Amino acid sequence: MINHLLPQIYEHLENQYPKEGCGIITDELKWFPVTNVAKVNTNFIMDIQEYTKIALKYKIKGIVHSHLNLSAEPSEFDKKQCNGLNLDYFIISLPSKELYHLRPEK
């Protein structure tokens with residue numbers, strides 16, 4: 001589904017290392033990197049102004065973020081956020097580039 005976006009996504013996530021990187025995938029399958037404003041490198045909080053600007057213009061399909069030196073397996077927090085937002089989560093482990101596609105529970 002997002003294979004054609006992976007080179008752009010990998011580039012952004014790798015440029016954010018050693019901090020988690022994050023971004024948005026829209027219904028039109030466009031990629032938008034978003035600034036991670038979290039104070040801790042192993043967490044992500046999207047810049048609300050950037051998120052809102054994208055959300056006002058596009059329908060958001062999914063959230064992308066990286067896991068650093070860990071599996072791409074979603075954490076319990078990832079699962080709660082995915083279900084709470086009702087958005088797909090795409091988790092990419094760095095540096096291995098393992099991808100996990102988490103879908104919200106219906």
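Given the structure is predicted, the values throughout are model-derived calculations rather than measurements.
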Expected output: side-chain Ser93 to main-chain Lys97 donor-acceptor under 3.5 Å: no
Pairwise side-chain contact, Pro104 with Asp88, heavy-atom cut-off 4.5 Å (strictly under): yes
Listed partners of Tyr58 passing ring-ring contact (aromatic ring centres under 6.0 Å, His included), at least two apart: Phe32
Polar side-chain atom of Asp78 near backbone of Ser75 as donor-acceptor pair, under 3.5 Å: yes
Main-chain N/O of Val37 paired to Thr35 side chain as donor or acceptor, under 3.5 Å: no
Any donor-acceptor N/O pair, Lys19 side chain to Ala38 backbone, under 3.5 Å: yes
ring-ring contact (aromatic ring centres under 6.0 Å, His included) partners for His65, two or more places apart: Phe44, His67, Tyr89
Ile2-Leu87 co-clustered via ILVMFWY side chain contacts under 4.5 Å: no
With Asp27 via side chain to side chain contact (heavy atoms under 4.5 Å, CB included) - residues at least two apart: Lys59, Lys61
Verify same cluster id: Leu68, Leu13 (apolar side-chain graph, 4.5 Å): yes
Gap separating the OG atom of Ser66 from the CG atom of Asn41, nearest 0.5 angstrom: 10.0 Å
Trace of the salt bridge (Lys or Arg N to Asp or Glu O under 4.0 Å) decision for Lys79 with Glu76: CA-CA 5 Å; Lys79 292 174 187 176; Glu76 287 304 312; 3.3 Å; yes
ILVMFWY cluster, Met46 and Ile25 together (side-chain gap under 4.5 Å): no
Which atom of His4 lies closest to which atom of Gln8, heavy atoms considered: O-NE2, 4.3 Å
